[in-house]
Every structure is written in C-alpha cells, then in structure tokens.
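A note on names: the letters A, B, ... follow the listed sequences, proteins ahead of strands, and every chain is numbered from 1.
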Amino acid sequence: MELTLTSDQELLRESTSRFIAGRCPLTTVRGLVDSHTGVPEGYLRAAADLGWFALMVPEEQGGGNVSGDGVRDAALIAEERGRALQPGPFVSMNVVAAALAASGPTEAQAALLAALCRGETVATWVPGDATADAGADGGITATPAGRDFELSGQADLVQDGTLADWLLVTAGSGDDLCQFLVRVVTPGLSVVPMSGHDITQRFAAVTFDRVRVPTGSVVGERGGCRRVVERQLQLACVLSTAETIGAMDVLFEMTRAYATERTAFGRAIGSFQAVKHQLADMSLSLEAGKAIAVAAVRAVQAEQHDAGEIVSMAKAWVGDTGIDIAQGCFQIFGGIGYTWEHDLHLFLRRITMNSLLFGQPDWHRERICRMHGL
Amino acid sequence: MELTLTSDQELLRESTSRFIAGRCPLTTVRGLVDSHTGVPEGYLRAAADLGWFALMVPEEQGGGNVSGDGVRDAALIAEERGRALQPGPFVSMNVVAAALAASGPTEAQAALLAALCRGETVATWVPGDATADAGADGGITATPAGRDFELSGQADLVQDGTLADWLLVTAGSGDDLCQFLVRVVTPGLSVVPMSGHDITQRFAAVTFDRVRVPTGSVVGERGGCRRVVERQLQLACVLSTAETIGAMDVLFEMTRAYATERTAFGRAIGSFQAVKHQLADMSLSLEAGKAIAVAAVRAVQAEQHDAGEIVSMAKAWVGDTGIDIAQGCFQIFGGIGYTWEHDLHLFLRRITMNSLLFGQPDWHRERICRMHGL
Amino acid sequence: MGALDGRSDASSDGVDDYRRRARAWLTTNLPPLEGAAQRPTSEDLTPEVMAANRALQRKLFEAGYAGISWPKEYGGHGLSSAHEGAFLDEASAFAMPDFGALSATTFDICVPTMLTHGAPEFLRRFIPKVLSGDALVCQFFSEPSSGSDLAGARTRATRDGDQWILNGQKVWSTLAHLADWGLCLTRTDWDVPKHRGLTWFAVPCDAPGLTIRPIRQINETAEFCEDFFDDVVVPDTDRIGALNEGWAVTQTMLVLERGAGRRDAAIPPSGPGPMPEELVSLAQRAGRLADPLTRQRLARVHTTDFVGRVLTARIAEMGRLGELNPGLASYVKLFRGTYTPIRARLAVEIGGGPAMIWEGGDAKRAATSLAYLNGRSASIAGGTNEMQRNGIAERALGMPREPSFDAHRPFNEVVREAQNPKGTP
Amino acid sequence: MGALDGRSDASSDGVDDYRRRARAWLTTNLPPLEGAAQRPTSEDLTPEVMAANRALQRKLFEAGYAGISWPKEYGGHGLSSAHEGAFLDEASAFAMPDFGALSATTFDICVPTMLTHGAPEFLRRFIPKVLSGDALVCQFFSEPSSGSDLAGARTRATRDGDQWILNGQKVWSTLAHLADWGLCLTRTDWDVPKHRGLTWFAVPCDAPGLTIRPIRQINETAEFCEDFFDDVVVPDTDRIGALNEGWAVTQTMLVLERGAGRRDAAIPPSGPGPMPEELVSLAQRAGRLADPLTRQRLARVHTTDFVGRVLTARIAEMGRLGELNPGLASYVKLFRGTYTPIRARLAVEIGGGPAMIWEGGDAKRAATSLAYLNGRSASIAGGTNEMQRNGIAERALGMPREPSFDAHRPFNEVVREAQNPKGTP
C-alpha cells in the first residue's frame with residue numbers, strides 16, 4: 001500500500017512474500033481450516049527467524065527491525081500476510097511485544113519477551129475494557145486481594161486465543177485500567193475455542209472466574225495505563241487494517257482479471273458498464289483505503305498527537321469498504337464464488353472478521369467524535 | 001399509486017387533475033415562488049368547491065366525500081397535488097378538519113370547521129410536542145392560569161404557517177398532551193415567515209410567549225389526547241407521503257423519457273447500462289414506495305391497530321428513497337437539471353422538504369422500535 | 001376481479017364439494033403437520049426422508065389427488081386451478097410430500113414446461129411416473145461458460161439416427177443428485193445465431209456417461225451439482241419441443257421459474273407482524289437493544305421485510321390486472337437480490353464480532369454467519385441483479401436494448417471471437 | 001525523488017535569491033491578504049472588483065512577475081517552475097489578482113493549451129495581453145447536444161477565404177460574460193469520424209454575432225453562460241492547433257482541466273484538523289450533538305474529508321512517480337463526485353427540517369440548502385461520475401473499452417442516425 005519503499009523495506013517485503021509462498025501458500029491455509037491451530041508445523045519459529053515478532057522491540061531487549069521504523073515494517077508484513085490470508089498470531093504477538101518492551105518489564109517479563117521474539121511462546125492481547133463498548137464484551141475487572149489481584153469477567157472474542165500460552169489482559173480497576181500478563185494455565189481461567197466465520201483464524205472466548213494473579217504479573221505501572229492501552233489499540237488496528245488491505249488488494253485483482261477473461265453475450269464481462277462501474281467504484285474505495293491506511297501507519301510510527309483519530313478513520317473506512325469490496329467481487333464472480341473450492345469466500349470471511357475486530361466502524365466513528373470533545 | 005380505482009375515485013382523480021391543470025399548473029406555481037402566499041387568487045375557495053377540505057368531515061358537520069373512504073380520497077388528491085407541486089394548505093387543512101370533526105367540537109369550533117370546509121379560512125397543524133423529538137422543536141407547554149391556559153414555547157417548522165388564520169396547537173401539559181385552537185392574532189403569539197428550501201411551500205416559525213387562551217379553545221378532551229394526536233400524525237404523514245409519491249412519479253417519468261430522447265456517443269443515453277441500471281433501481285424504489293404508501297393509506301383508512309407502524313414505514317421508506325430518486329434523476333439529466341428554468345429542482349426541493357416534515361426517516365424508525373416495546 | 005382474470009371456467013363448478021371430500025380424505029390419510037412447514041434442505045433429504053416422501057406422493061396419486069389440474073390423458077384429473085387451490089388450502093395443515101427444492105423444479109417448473117411443449121406420446125409415458133413419485137425432475141440448464149447468458153449453452157447434442165449423443169457440462173443443477181430425470185438444454189445447430197440452435201431433452205439421471213457431482217458450497221452444504229455429459233445417449237422421443245426451437249421452451253421455463261401463477265402472491269399481507277425475532281435476540285445478546293444505531297438497523301430490516309411483501313403483492317396484482325410484462329417479475333427478484341445481502345450484513349453489524357464465533361455445533365449461533373455467506377445467492381442465483389435491472393429497464397421502462405454482439409451471428413463464430421476478441425463490433 | 005520527476009533543470013538555479021527578491025517586492029507593492037483567500041463567486045466579481053484585479057495583474061506584469069515560467073519570446077520570463085513556485089509561496093500572504101474561476105480557465109487551462117498548440121505568430125500577439133490582464137479567457141466547449149460526449153461538438157466553422165464563419169451554440173462556459181476571449185471547439189469536417197473533424201479557435205467575446213447569456217442556476221447564482229454563435233467571423237490566424245486536429249488540443253485541455261501539474265496536490269495533509277465547524281454548529285442548533293446518529297454522520301463527513309485529502313495526495317504522488325495514467329485523475333474526480341452529494345445530504349439530515357428554512361437574507365442559515373442544491377454539480381460538471389468510472393475502468397484497470405457506435409463513422413451519418421435510431425449496430 002506504500003507507494004515507495006526503501007531498499008531495506010523492499011527486501012523485507014520480498015523475503016516475507018517468498019517465505020509465505022514457500023511455507024504457507026493459500027492452498028496450505030485451506031488445508032488447515034479444520035486443524036486446531038490453523039498454522040503449519042514450525043511456522044511460528046520460522047517466522048520469528050525472519051524477525052516478525054521482534055519488530056517493535058529494541059535490540060537490547062532481544063528485538064530489532066530492518067528499517068528503524070518498526071510500525072511500518074510490521075504493517076508491511078501484515079499486508080503481505082493479508083495477501084495470502086496467513087494464519088497464526090501476528091497482530092496479537094506484536095501488540096503484546098510492543099507493550100512489554102515499552103513497559104519497563106520485570107526480569108521474568110523480559111525473558112518472556114525474548115521468547116516471544118524467538119517465536120518460542122505465544123502471547124495474545126485481551127483488550128477487555130479497552131474496547132468494552134465496542135461489543136458485548138462485559139469487560140474484566142481487577143480487584144486487589146492482599147498482595148495479589150483477582151481478575152473476573154470475560155472476553156468474548158480473543159484473537160489467537162486458542163494458540164496462546166500467555167494473555168496480556170487489560171482490566172478495569174476502579175476508575176483506571178491495569179494490565180496483567182497471565183499464563184493461560186491458571187486456576188479460574190478458561191479458554192474456550194470457538195468455531196468461527198473466519199475459518200483461517202482462531203478465536204476463543206476467555207472467562208476469568210476470580211483468577212488470582214500475583215503483583216509480579218502487573219505490566220508497567222499499576223493503574224494509569226490508559227495511554228499505553230491506547231497505543232496498543234492503535235497498533236492492533238493499524239496492523240489489522242494493513243492485513244485487510246492486503247486481502248482486499250488480492251481479491252480485487254482476482255476479480256479484475258476475471259472480468260477481462262470471462263465472456264458472456266459474446267464479449268468480456270468487463271466491457272459491460274454494469275461490471276466496469278462496479279469495478280471502478282471498488283477500485284476507488286480500495287485506493288482511498290490504501291491512502292488512509294498509509295496515513296495511519298505513519299501517524300502511529302511517528303506517535304503523532306492525532307494518531308488515534310487517523311487510526312480510527314482508517315479502521316472505519318477500511319472496515320466498511322472492505323466488506324463493500326468483498327461483496328462486490330462476489331457479485332462479479334457470480335455463482336462460482338459460491339463454491340467452497342473458490343478462494344473468494346476465504347477472503348470474504350477474513351475481511352469481514354477483521355472489520356469486526358478491535359471495534360466496528362461505528363465504534364471508531366463514535367470515538368472520533370469523543371476525541372474532538374463532542 | 002393505487003392500482004385500481006372505483007369509478008367515483010377515477011372521477012375524483014380526473015376532476016382534480018383537470019382543476020390543477022386549469023387553475024395552477026407548474027408554470028403558475030413557478031410564477032408564484034416569490035409571492036407571499038404562493039397560491040393563486042381564489043385557489044383555495046375553488047379547491048374547497050371540489051371538496052378538498054371536507055373529505056374527513058361527516059356530512060352533518062358540513063363535510064363529505066365521494067367514496068366514503070375519506071382518507072383514500074384525500075390521498076388520491078394529495079398524490080395529484082404532488083404531481084404538479086401544488087402550493088397552499090392541504091395536508092394541514094385536512095388534519096385540522098379531521099381533528100375538529102372527531103373532537104366533539106364546541107359550537108364555535110363547529111362553525112370554524114364549516115368555514116374550513118368551504119375554504120373561507122385557513123387553519124394549520126402545529127404538532128408541537130407530538131413530534132418534539134423529531135427535530136430541534138423545543139415543544140410547547142400549556143399551563144393552567146385561572147380558568148384559562150397559558151401557552152409557551154415554539155414550533156420551528158410550521159407548514160403553511162404564513163397562510164393560516166388559526167392554529168391547532170398540541171401542547172404538553174404535565175405528563176399529558178392537550179390541543180388548543182388558537183387564532184393567529186393573539187397577544188404573545190408571533191408567526192415569522194421563513195424563506196425556505198422548498199420555494200413552492202410556505203413555512204413559518206411560531207413562538208408562543210405566555211399566550212393566554214380561554215378554556216373554550218381546548219379541542220376535544222382536556223388531556224388524554226395522545227390517541228387523537230397519533231391519528232393526526234398518521235394522517236399528516238400519509239397525505240404528505242402520497243404527495244411525495246406523486247412528485248416522484250412525475251419526476252421519474254420526465255427522467256425516463258429524457259433517457260430515451262437524449263443521445264450521446266451516437267445512441268440514446270438510456271441504452272447505456274450505467275443509465276439503464278440507475279433507472280431500474282429508481283423504478284424499484286418507486287414501485288416499492290407506492291406499495292407501502294397504499295398499504296399505509298388503507299391501514300389509516302381502516303384504523304388498523306398497526307396503522308401507526310405501517311405509516312412510519314411508509315414515511316421512512318419514501319422519505320429516504322424519494323431523495324435517492326430525486327438525486328438520481330438529477331444525475332441522469334446532468335447539467336440541464338442545474339438550471340433554474342428546468343423543473344427538476346422544484347421537485348427535488350419538495351421531495352426533500354417532505355422527507356424532513358412530520359419526522360425524518362430516522363425518527364420514524366426509532367418510533368417503530370418503540371411500538372414493538374423495544 | 002374474477003371476470004378480469006379469465007380463468008374461471010365450467011370445470012370450476014363444485015369446488016366446495018371437492019374441498020369437503022378432500023378434507024375428509026386428508027384427515028383420514030395424512031399425518032397432521034407439526035409446527036410450521038419448513039422446506040427441507042439438501043442435508044435434510046436423507047434416503048429415508050426421500051423414500052417417505054415418495055410414499056406420500058404415491059398415496060396422493062392412488063387416491064386421485066396428484067395432478068389435479070393436469071390433463072386427464074396424461075394421468076391427471078383435468079380439474080380447474082380452483083379445485084387444485086382448494087385441495088392445497090386444505091392440505092396445508094398436513095404433512096404433504098416435500099422433496100425440498102425438487103418439488104418446485106418438478107411440479108412447478110419442469111413438468112408444466114413439458115406439458116406446454118412435450119409431444120403427447122412422451123407425456124403419456126412420462127407424466128404418470130411423476131405423479132406416482134417415481135420421477136423427480138431437475139434442470140440441466142446453466143453451464144460453466146454461460147451463466148447470465150443462458151442462450152449461450154454449449155452442451156452439444158449430435159444426431160445419430162433416432163437418437164442424440166450429448167456431450168458437455170452443466171452446473172448449478174439444484175439437487176440433481178437426488179433427482180430421477182433432468183431437463184437438459186443443448187445446442188443442436190452451431191451455424192445459426194444462438195437463440196435458434198437450441199433443443200431440450202429429458203435425460204434419466206442414471207444414464208450411462210452422465211456423472212452428477214454435488215458442489216460443496218461456502219455454507220458447507222451441497223444443494224447444487226455439476227453434471228458431466230460424456231456421450232450420453234438420448235432417444236429422439238425424449239426430446240421436449242421442436243428441434244432447434246429450444247429458446248421458446250426456455251422462455252416458458254423462465255416465466256415459470258420466476259413464480260408465475262403462484263396462487264398466493266397477490267394477497268396483500270395484513271400487517272408487518274412482530275420484529276424479526278432472530279435479530280432482536282442477536283441485539284439482546286450483544287447488549288445493544290438500547291443502542292440507537294442497532295435500533296435503526298432493526299427497524300430498517302423490519303421495514304424492508306414488509307415493503308418486500310407489499311411490493312410482491314402489488315406486482316402480482318399488476319399481473320392479474322393484465323399489465324403483466326416480462327419485466328415485472330424482475331422487480332420482485334431485484335428487490336430480494338438487493339435487500340437480502342443488505343439484511344445479512346445488517347445482522348452482522350447488529351451482532352458484531354461475538355456473533356460470528358460460536359461453540360462447535362451451536363447451529364443457532366452460526367446462523368448469522370451462514371445467512372451472511374448465503375446472502376448474495378439472492379443477488380446471483382436465478383438471474384443476477386444486473387440481469388434484472390436490464391429486464392426492468394428494457395421491458396418495463398422501454399429503454400433501448402443493450403446492443404448485441406452475438407444474437408445475430410452464427411454461434412460458432414461468436415465462440416471463436418469471444419476467445420480472440422477484436423474490440424469493437 | 002527529485003531525480004525521478006525529471007523537471008529540475010539548470011534554470012532552477014538561484015531560486016532562493018529569486019524568492020528573496022520576490023518577497024521584498026511583494027511586501028512593498030501588494031496589500032497583505034486579510035483572512036483566508038476565498039475564491040470570489042460570480043456575484044462577487046462586480047465591475048469594480050474586476051477592474052481592481054486587472055490593475056493588480058498589470059502591476060505584476062510591469063514588475064516582471066507575470067508569466068514567470070512562460071516562454072520569454074511571448075512575454076514570459078522563461079524561468080523554472082521552481083521559481084514560479086517560490087513566487088507563489090511568497091505571494092500567498094498577499095492579495096493577488098483573482099478573477100474567480102476565470103483565473104483558472106485563463107492561466108491554468110486555456111493559455112497552457114495555447115502554448116502547447118498555438119502558432120508562434122498568434123502567441124506573440126496574444127500572450128502579452130493575457131499577462132497584462134487585458135485578455136481573460138473562457139472555454140467555449142460543451143454544447144447543449146454534447147455533454148459527456150465532448151467530441152460530438154456540432155458548432156460549425158465554415159471556411160471563407162482567410163477566415164472562418166462560426167455558427168452554433170455553446171453552454172456551461174464558466175464566467176464567459178466576464179471574459180475577453182474564449183477558446184472555442186468547432187467542427188470543420190463533417191464527413192470524417194467525430195474525433196477527426198474538430199478545430200479550435202480563439203474568439204473575442206465581443207465579436208459581432210456572439211451573444212453570451214448567463215444561465216440562472218438552481219442556487220440562484222449565474223456562474224455559467226450559454227453562448228450563441230451567429231455568423232461569427234474568426235480569422236484563420238486565430239486558429240489554435242492544426243486544422244481538423246482539434247482532438248489533440250482537447251486532450252491537452254482535459255488533462256490541464258483535471259489539475260495536472262498543480263504543485264500542491266502531492267503534499268500529504270498533516271492531519272484531519274478540527275471537525276467541520278459548520279456541521280457541528282448545525283447539529284448544535286438542532287439540539288442533536290448528543291444523538292448517536294448525528295455523531296455518526298459528523299464522523300463520517302470528517303473521515304471522508306480527510307480520506308479525500310490523503311487520496312488526492314496519493315494520486316498526485318503516483319503521478320510524480322511516473323505511474324500517471326489518464327485514468328488516475330479520475331479517482332480524485334470520482335471521489336469528489338461521489339462524496340460531495342453525500343456530504344450535502346448528511347448535512348441536511350443532521351440539521352433536519354428547521355435547517356432548511358431561514359429568515360429572509362440569513363445567508364449562513366441558507367448555506368445547508370445551497371450546498372445541497374450545489375452538491376450534485378461535483379458529480380456532473382467537468383465530467384460525470386459515469387465518465388470517470390469509464391475512465392478508471394478502461395484506463396487504470398484495463399477493462400475493454402465500451403464498444404463505440406460513432407467513433408468510426410462519418411459524423412454527419414452519426415447525427416442522422418441518432419435522430420432515427422435503428423437499434424443494434
């Protein structure tokens with residue numbers, strides 16, 4: 001979606017694309033839809049070797065990235081991942097890694113962070129209260145209990161929830177937010193794997209029933225972490241949006257090509273205005289989506305004061321138009337898109353699910369109004 | 001919009017159409033846009049002679065209608081009026097007449113009702129609290145003051161407000177609604193004529209500054225008139241919707257004809273799919289609009305238990321699609337529609353304004369939810 | 001309006017008597033319906049279910065209640081549509097034979113088409129099998145290379161003495177894997193314009209060389225099939241309609257397919273009824289019943305549902321009033337094709353992310369996702385929205401037809417050129 | 001990226017010096033700008049305003065700041081676009097000559113077109129008049145019978161020795177009633193396909209036989225004119241471009257009209273800035289600032305405004321990167337054409353009925369209604385949305401061109417047949 005890349009970034013894009021084509025092309029993704037994890041054996045370690053989970057982590061903490069622009073590099077990989085509907089944790093791993101890196105981690109947390117960078121363990125992000133009004137999510141609360149905390153509540157829609165060993169949980173504590181790093185195997189914590197619309201991703205419903213966690217599991221400052229959670233939300237949204245853009249781009253190109261090849265009534269269907277104009281409108285939405293997604297990536301990278309607003313604009317725009325485009329492509333493919341063997345539905349599923357994650361478009365629009373004090 | 005008419009109704013439709021063509025065709029309407037009243041000399045009296053304002057009034061009260069179905073007859077006339085964007089009070093006169101007729105009027109009110117039927121005086125409907133949450137309208141309150149009442153508040157958007165001699169005012173009184181028949185020339189009452197988007201209609205902003213009205217001006221029962229106000233709202237909506245349908249029908253037909261006549265690139269523009277498909281979509285919305293408008297008219301006529309809901313559906317559907325169609329027709333006419341001399345803008349103005357009157361589409365949708373106890 | 005529809009005739013006498021007798025028979029012989037009738041899906045139609053329904057059909061047949069309005073000479077009873085209507089009214093409270101979508105393709109589409117165009121000799125032989133439940137008929141109609149362009153069929157029928165050899169591929173044949181016969185559109189002359197070289201045949205589904213394969217759909221069901229014709233032999237006596245005049249047969253079938261003559265369409269619905277229950281509970285589960293945006297979506301769906309019903313009744317009434325024109329049926333189809341996907345999307349927006357995941361096997365919660373995946377079939381199957389818009393614009397609104405690139409040239413030339421396009425005509 | 005755009009040349013040396021001198025001159029000679037620059041409308045351009053702006057233009061001319069990048073031989077200064085850019089940067093704080101839309105048609109569209117296609121003799125004679133503010137140029141381009149189909153112009157130019165006689169009618173000529181000259185598209189050969197018989201002429205607006213009439217628009221202003229050519233005589237020396245090769249001239253003009261080469265487009269906006277103030281106060285007046293539906297509308301507009309800006313920058317950057325293709329400009333135009341009417345409608349929905357009435361003369365409150373009436377001009381003027389969609393699909397996405405009914409046949413035959421259509425080609 002970026003119009004120009006540095007040579008480092010171009011190299012990163014190429015190696016990412018080569019890795020995906022070799023290790024987990026769409027046919028492989030398709031073959032894994034009924035598997036428990038959705039990812040091929042050894043995929044995460046290999047991806048870690050390419051630096052996928054270290055992008056937002058300083059070198060001294062075991063991380064590093066190619067260009068010095070971690071967010072842009074991560075967005076670039078996310079986009080490539082979207083092009084082939086890659087499974088497995090990427091957004092969540094990077095959000096958690098960035099969060100830990102920035103939090104002034106304890107020794108144990110630092111060790112975990114390094115393990116994340118190496119792809120040896122999986123952690124996912126449980127926004128809990130951070131997007132509580134974005135869905136039915138009742139939120140999670142943290143109550144002090146002696147020197148420990150007790151977590152209660154639920155998160156209905158945890159991305160990569162079934163793959164994770166660790167959860168970065170955002171919980172409400174009084175008027176404030178706290179974050180905890182919690183091992184999945186903890187008494188009172190249940191992770192229920194869910195079937196889902198997007199068969200190339202894995203989600204879980206996570207319930208906390210008075211889960212007792214020690215003080216050492218607190219990430220960053222105790223309380224007062226609205227600012228860092230905001231940053232995490234921005235990262236999650238911007239990476240998820242980049243992934244959607246990648247998926248939209250491939251789907252649109254498939255459809256464009258089909259419209260030039262498929263004939264009806266003695267001519268290519270793309271020569272009919274009905275098809276032509278749908279394609280033009282979709283192309284406009286997509287090009288505009290790339291423009292706003294790039295703006296969002298840059299704003300988050302630069303930690304611009306209005307980054308949150310631009311991210312919400314990108315998430316809302318791409319969330320809505322992504323579905324428009326997926327549905328429009330379906331219309332142009334016609335019946336063939338209705339068959340299991342055709343890839344269209346895999347793209348439709350991913351794009352739709354991403355639109356709903358980390359706040360639906362409406363929620364982001366409401367957020368924009370609040371950011372302006374309305 | 002009705003598919004079949006009785007011979008009586010057909011006669012009514014023809015005489016209405018003939019009257020309009022003779023007395024106030026669109027060229028005349030156009031010539032009156034800068035005039036104070038917007039109606040030709042003697043128009044209201046002549047219309048009254050055709051029974052326009054007596055339709056909802058029983059014969060013994062000076063009224064009467066052709067078919068025994070007053071609402072259907074009025075809708076039929078409203079539709080014909082919409083076809084030529086007729087000016088002057090019709091919806092408001094009929095709503096007030098129906099309200100008075102049904103209220104068990106005092107002697108003075110009965111005399112006024114007879115005068116309304118004869119077109120000798122004009123009354124308009126000030127819904128006040130009835131659609132208070134439909135707009136900025138702050139509502140009007142009635143406070144007992146000895147044996148009189150004091151009315152305070154304002155109504156921002158009173159249809160035919162500049163033409164009226166009398167206002168039927170709905171005011172909140174405690175938890176309830178009351179209706180009052182108030183002469184325009186009453187101390188404390190000010191009627192400010194407004195310029196407006198729809199240059200073929202006349203609106204006023206009406207302010208009540210502790211307007212003292214006697215008990216005799218109460219219409220119907222004191223308090224407890226939610227039910228009759230609901231009926232009035234249904235009538236207003238259904239007649240306004242029928243008027244819009246008439247306007248949409250003519251505008252669409254103008255556009256359809258233009259698409260067959262206008263050529264570009266060596267062929268009629270209506271042979272291009274881009275134009276063809278826009279016309280098909282508009283035609284679908286219009287046909288659906290006629291279907292739901294007819295359903296609403298019948299439900300109001302029959303006083304069905306779900307009449308209010310069906311009316312709100314019609315108002316919302318026609319309110320939204322009316323604007324879609326007016327804008328779509330504009331797109332097909334192209335530049336020519338942008339000229340003052342072309343009639344398109346007059347239709348666009350009326351259709352848009354009607355969509356906003358008596359509750360915007362959103363408001364009616366919310367109302368539908370409430371009717372279902374949500 | 002009875003005088004206007006011209007369908008009442010002498011044979012409609014005695015409908016009340018007929019109704020009374022039918023009711024008596026039904027009460028004694030058919031099990032009462034439990035709950036509302038729901039069309040079985042392909043998954044519901046197990047061999048046992050199919051067998052049970054065939055038995056029910058045979059019961060009707062033997063009692064003289066199959067083919068009530070079909071001609072006597074072919075095994076029907078030659079009664080009026082009023083008699084048939086009376087029987088169906090009464091039968092609606094009972095478990096009638098139901099072959100899912102095959103009921104419609106057999107009894108409402110294919111056989112009425114055969115009755116219009118088939119040779120008496122064929123009909124005498126074939127129709128009784130249908131009536132007794134031994135011949136369920138599907139359509140071999142669409143092809144991989146001709147979707148919207150139905151007249152562009154390329155399945156080839158080559159004459160060989162008294163028989164024809166069929167080669168080619170069909171697709172989207174509804175429930176073909178459960179049918180006994182299929183009505184198949186073929187090309188019998190390649191040297192004339194496309195509408196003039198088509199011929200229809202009735203083909204047994206177990207004919208040697210015919211392979212029928214269910215297509216796995218994105219909603220994980222398999223209602224449609226693809227069908228491979230590999231030197232399938234069909235006798236000329238199983239031809240339906242005249243040689244090379246298959247387009248006329250097609251027209252009949254298309255009109256029937258869009259529901260012409262369904263008795264109930266013109267009855268205006270009495271009212272909107274309750275809000276769509278599944279969406280209200282979706283909103284409730286999402287904790288959004290008080291959210292104004294959700295409420296707008298609910299009211300939108302509820303309104304569109306009702307508007308669709310009054311529109312359908314209006315269009316049917318226009319048909320009854322003699323204003324029926326082939327463009328009119330497209331209004332109903334386009335309304336459905338436009339608003340079904342929107343409705344499915346609004347449901348997703350109402351429910352949000354949590355509505356799109358569910359514990360394995362919780363079919364009710366998977367429904368939002370399935371409806372979303374299915375939504376677009378309404379805008380594609382049976383004629384895309386684009387085709388309906390053409391139909392409305394050209395046939396109802398009088399717009400000039402799309403200039404044709406293929407309708408006036410020999411079909412083999414069109415096929416060649418479509419593969420090597422030259423640009424402008 | 002300087003190396004990529006290939007526009008830097010030797011003459012761009014010394015830009016900083018030039019900027020410094022320009023700033024000094026501007027400070028001394030031009031009045032500072034009060035508030036933000038707002039393009040004057042046709043109503044603002046009274047004779048006094050026009051005269052004052054012509055005087056300003058003459059001042060620039062006399063000081064050597066007119067035609068900075070135009071060729072020296074025609075009265076310009078032959079400097080680089082970087083020099084011109086530096087001057088304009090500095091000048092943005094001062095009251096520069098502003099002829100409303102005529103500034104663009106003259107300096108950005110018509111004269112650059114002339115410089116590309118005009119004969120040196122003509123340019124030597126004409127350009128100095130432009131520089132001194134004595135020749136403002138409008139376009140005589142669209143015609144009543146050719147809107148989207150610009151190559152279908154029917155204004156006739158007939159040769160008569162060394163001169164041409166023009167007859168016909170033009171329309172939508174922006175501010176023609178205030179211009180001194182117009183660039184006029186005519187048909188000079190009717191026996192060849194439409195693109196091959198066109199020729200352009202420069203015509204003085206006060207030429208005998210030329211009647212220019214402002215068109216009253218639905219927003220009650222009159223920015224456009226209709227123009228009647230009744231035996232208007234034009235010398236052959238005022239022809240622009242070669243005889244019958246006017247389509248090439250047209251192409252140049254269209255590219256310029258879509259803003260090719262505007263310096264500032266490619267700069268990405270720094271951020272969305274405040275919410276659109278007029279809509280926020282509209283919501284406030286309607287008492288709806290807390291209404292979630294209204295808030296969605298506000299955020300939608302605000303988002304679309306910013307998306308449009310980043311899209312514009314992206315497309316301009318694609319142009320700079322050498323990916324420019326004639327379809328690209330259509331993206332920006334289509335975005336505007338799509339969202340301007342939607343924006344105007346959202347404003348109406350935000351404000352509701354009371355926003356659509358106002359006390360006589362309250363221009364601020366009339367603004368919602370006016371914007372709504374104007375909204376669709378973005379989707380029509382300068383190329384309809386439909387034409388932009390064709391452009392994107394055919395030129396950027398590689399879809400096959402619309403089959404042409406007229407591009408390959410003599411124009412007079414096309415005109416005849418359009419009046420008596422025969423249906424298919």
Side-chain angles (χ1 to χ4, degrees), chain B residues 1-4 252-253 255-257 259-260 267-273 275-296 298-299 304-307 309-310 312-318 320-321 361-362 364-374, chain C residues 1 4 268-275 280 283-284 289-290 292 294-300 302-315 317-318 320-321 323 327-328 330-335 337-339 385-386 388-394 396-403:
Chain B
M1 61 201 198
E2 296 262 11
L3 287 175
T4 48
F252 179 73
E253 174 51 28
T255 310
R256 194 200 64 76
T260 63
R267 48 198 268 212
I269 62 170
S271 72
F272 287 98
Q273 278 191 337
V275 173
K276 208 175 259 195
H277 289 195
Q278 284 182 69
L279 287 170
D281 282 336
M282 288 193 260
S283 177
L284 176 65
S285 295
L286 177 54
E287 214 54 58
K290 290 177 182 175
I292 188 68
V294 167
R298 289 183 188 167
Q304 261 173 242
H305 71 98
D306 49 11
E309 181 183 10
I310 300 176
S312 280
M313 286 180 166
K315 186 72 173 64
W317 180 272
V318 175
D320 281 335
T321 60
D362 287 348
H364 282 282
R365 280 188 284 267
E366 175 61 30
R367 197 170 107 95
I368 289 168
C369 287
R370 289 189 192 168
M371 285 170 166
H372 283 275
L374 297 186
Chain C
M1 238 147 305
L4 273 176
S270 62
M275 288 277 221
V280 173
Q284 199 151 30
L289 261 187
T294 299
R295 295 164 71 85
Q296 288 289 312
R297 291 183 173 118
L298 289 171
R300 257 179 212 286
H302 185 50
T303 299
T304 309
D305 285 353
F306 186 61
V307 169
R309 288 163 64 206
V310 292
L311 174 69
T312 303
R314 180 181 177 87
I315 297 294
E317 197 181 344
M318 286 165 89
R320 265 206 347 229
L321 292 171
E323 293 185 36
L328 281 188
S330 291
Y331 281 95
V332 175
K333 177 78 172 75
L334 181 59
F335 193 91
T338 302
Y339 290 100
N385 285 358
E386 288 73 22
Q388 307 313 319
R389 291 189 185 105
N390 277 346
I392 291 173
E394 293 173 3
L397 303 178
M399 290 301 115
R401 292 188 68 105
E402 187 69 11

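No side-chain donor-acceptor contact under 3.5 Å links B:Arg267 to the backbone of C:Pro400. Judged by distance alone, with hydrogens and angles left aside, the side-chain atoms of C:Gln296 form a donor-acceptor pair with the main-chain N or O of B:Asp362 at under 3.5 Å.
Proximity to chain C is limited to the side chain of B:Gln304, based on heavy atoms less than 4.5 angstrom apart. Interface residue B:His372: only side-chain heavy atoms are found under 4.5 Å from chain C. When heavy atoms are compared at a cutoff of 4.5 Å, B:Glu309 approaches chain C solely by way of its side chain, counted from C-beta outward. For C:Ser330, no part lies near chain B; criterion is any non-hydrogen pair under 4.5 Å. With a 4.5 angstrom heavy-atom cutoff, C:Val332 does not touch chain B via any of its atoms. Of the two parts of B:Val294, only the side chain, counted from C-beta on, holds a non-hydrogen atom closer than 4.5 Å to a non-hydrogen atom of chain C. For C:Pro274, the part sitting under 4.5 Å from any heavy atom of chain B is the backbone (N, CA, C, O) and nothing else.
When all heavy atoms of B:Leu279 and C:Leu397 are compared, the pair lying nearest together is O-CD1, 3.8 Å. Taking all atoms of both residues into account, the shortest heavy-atom contact from B:Ala288 to C:Val307 is CB-CG1, 3.6 Å. Taking both residues in full, the closest heavy atoms of C:Arg314 and B:Leu3 are given as O-CD1, 3.5 Å, listed atom of the first, atom of the second, then distance.
Taking NE2 of B:His277 as the start and CD of C:Gln388 as the end, the distance is 10.0 Å to the nearest 0.5 Å. The CG atom of C:Leu311 sits 7.0 Å away from atom CD of B:Glu287, with the distance rounded to the nearest 0.5 Å. B:Ile368 CD1 to C:Phe306 CZ: the interatomic distance, rounded to the nearest 0.5 Å, is 10.5 Å. For the atom pair OG (B:Ser271) and CE (C:Met399), the distance works out to 10.0 Å, reported to the nearest 0.5 Å. Here B:Arg365 contributes atom CZ and C:Leu298 contributes atom CG; the two are 12.0 Å apart, rounded to the nearest 0.5 Å.
The choice from B:Ile269, B:Asp320, B:Ile310 that makes the most heavy-atom pairs within less than 4.5 Å of chain C is B:Ile310. Heavy-atom pairs under 4.5 Å with chain B peak, among C:Arg300, C:Arg389, C:Gln284, C:Met275, at C:Arg389.
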